[in-house]
*Asks:* 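Once you've had a glance at the structure underneath, I'll fire off some questions.
None of these values were measured; they are calculated from a predicted model.
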Amino acid sequence: MLVVSLASIAFFNKTLKKELAPMEDHSFIRTFVTTPEGTEYTTTKDLMNTLAKINMDTVPEAKYVLARYGGFGSESPNTGFLITFLKDPDERLASQQQIYERLMPIYRSIPKEG
């Protein structure tokens, strides 16, 4: 019984098609930020405003950018999030994934400590 099961697994693993669901474009990019513990509210605010400006300046496909800092429920001064709302997919040349990939190197170049 074990041999038949293993043979069936091997057979079906090679013959069945493997397909992942395509990436869906929801026309927004969310960015969550947590700065080091003890970071002041104004420092987090300045970082979030910098990220919002980066997104507005480098993403021509953006309709608008929403930044929230100072915690989401926990009132922690070292957290924030940014949502970049994009134009509809048929109104832009780049996909949501391509825009995300364009932003990641920029985000990584931001200094980790003040």
Side-chain angles (χ1 to χ4, degrees):
M1 193 63 130
L2 180 61
V3 172
V4 171
S5 295
L6 291 174
S8 296
I9 290 170
F11 173 75
F12 287 120
N13 189 34
K14 291 184 182 199
T15 58
L16 293 177
K17 291 183 181 180
K18 295 174 182 83
E19 184 177 307
L20 294 174
M23 186 76 75
E24 290 187 40
D25 191 328
H26 294 285
S27 296
F28 66 88
I29 298 172
R30 287 183 286 195
T31 306
F32 295 93
V33 174
T34 302
T35 58
E37 193 66 39
T39 302
E40 293 183 9
Y41 174 81
T42 54
T43 304
T44 304
K45 177 182 132 190
D46 292 344
L47 174 63
M48 296 308 297
N49 288 336
T50 299
L51 291 175
K53 181 160 179 29
I54 288 170
N55 284 15
M56 289 186 291
D57 292 346
T58 62
V59 181
E61 300 89 352
K63 283 199 279 192
Y64 56 94
V65 177
L66 171 71
R68 167 95 164 71
Y69 35 84
F72 356 95
S74 65
E75 300 305 321
S76 175
N78 69 323
T79 57
F81 69 90
L82 185 80
I83 302 176
T84 304
F85 293 92
L86 305 172
K87 296 175 185 173
D88 291 332
D90 58 343
E91 295 177 13
R92 53 187 153 90
L93 298 174
S95 71
Q96 175 182 319
Q97 182 66 31
Q98 291 168 326
I99 297 166
Y100 167 81
E101 289 169 0
R102 188 184 330 147
L103 286 170
M104 286 313 300
I106 298 168
Y107 285 177
R108 287 187 183 116
S109 70
I110 296 172
K112 303 248 186 295
E113 296 183 22

*Asks:* May I ask you to test the T43-T35 pair for a side-chain heavy-atom distance under 4.5 Å?
*Replies:*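 No, too far: nothing below the 4.5 Å cut-off.
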*Asks:* How many angstroms lie between atom OG1 of T84 and atom CG of L66, to the nearest 0.5 angstrom?
*Replies:*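 Separation between the atoms: 9.0 Å.
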*Asks:* Can you tell me which residue among T44, L51, T79 is in a side chain to side chain contact (heavy atoms under 4.5 Å, CB included) with V33?
*Replies:*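 Only one option passes, and that is L51.
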*Asks:* Please identify which of these residues, V4, V3, L2, meets the side chain to side chain contact (heavy atoms under 4.5 Å, CB included) condition with L6.
*Replies:* L2
*Asks:* How far does CD1 of I99 sit from CD of E61, to the nearest 0.5 angstrom?
*Replies:*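 It is 4.0 Å, given to the nearest 0.5 Å.
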*Asks:* Tell me, do P89 and S95 make a side-chain contact under 4.5 Å, heavy atoms counted?
*Replies:*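 P89 vs S95: side chains apart.
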*Asks:* Could you walk me through whether L86 and V59 pass side chain to side chain contact (heavy atoms under 4.5 Å, CB included), step by step?
*Replies:* CA-CA 9 Å; L86 305 172; V59 181; 4.0 Å; yes
*Asks:* If I take atom CD from residue Q96 and atom OG from residue S27, how far apart are they, to the nearest 0.5 angstrom?
*Replies:*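 Q96 CD to S27 OG: 6.5 Å, rounded to 0.5 Å.
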*Asks:* Can you tell if the side chain of R92 reaches within under 4.5 Å of the side chain of D25, non-hydrogen atoms only?
*Replies:*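 Side chain of R92 against side chain of D25, heavy atoms only: contact under 4.5 Å found.
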*Asks:* In terms of hydrophobic clusters joined by side-chain contacts under 4.5 Å, are I106 and M104 together?
*Replies:*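 Linked, I106 and M104 end up in one cluster.
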*Asks:* More than 12 foreign heavy atoms under 6.0 Å from CG of L93: is that the case here?
*Replies:* no
*Asks:* For R102, look at atom CZ and say whether over 12 heavy atoms of other residues, nucleotides or ligands are found less than 6.0 Å away.
*Replies:* yes
*Asks:* Mind checking the CD1-CG spacing from I54 to L103? Nearest 0.5 Å is all I need.
*Replies:* 8.5 Å
*Asks:* Nearest 0.5 Å please: distance from the CG atom of N49 over to the CG atom of L82.
*Replies:*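 Taking CG in N49 and CG in L82, the distance rounds to 9.5 Å.
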*Asks:* Looking at Q97, I'd like to know if its CD atom is crowded, meaning that more than 12 non-hydrogen atoms belonging to other residues, nucleotides or ligands lie closer than 6.0 Å.
*Replies:*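 Count over threshold, so yes.
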*Asks:* List in chain and number order the residues that pass side chain to side chain contact (heavy atoms under 4.5 Å, CB included) with D88, two or more places apart in sequence or in another chain; answer none if no residue qualifies.
*Replies:* D90, E91
*Asks:* Sequence neighbours left out, what passes ring pair (Phe, Tyr, Trp, His ring centres under 6.0 Å) with Y41? Give chain and number order.
*Replies:*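 Applying ring pair (Phe, Tyr, Trp, His ring centres under 6.0 Å) to Y41 gives Y69.
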*Asks:* With side chains defined as the heavy atoms from C-beta onward, is the minimum distance between I83 and I29 less than 4.5 Å?
*Replies:*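 With C-beta onward as the side chain, the pair stays apart.
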*Asks:* Under the side-chain hydrogen bond (donor to acceptor under 3.5 Å, both in side chains) rule, collect the residues that match up with K53, sequence neighbours excluded.
*Replies:* D57
*Asks:* Taking all non-hydrogen atoms of both residues into account, name the closest pair between T58 and P60 and its distance.
*Replies:*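 Scanning both residues completely, I find the closest heavy atoms to be O-CD, 3.3 Å.
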*Asks:* Counting only heavy atoms not in F85 (residues, nucleotides, ligands), do more than 12 fall under 6.0 Å from its CZ?
*Replies:* yes
*Asks:* What heavy-atom pair brings M48 and G80 nearest, and what distance separates the two atoms?
*Replies:* CE-C, 3.9 Å
*Asks:* Can you confirm whether the side chains of N55 and Y107 place a donor and an acceptor under 3.5 Å from each other?
*Replies:*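 Yes, Y107 and N55 have a side-chain donor paired with an acceptor closer than 3.5 Å.
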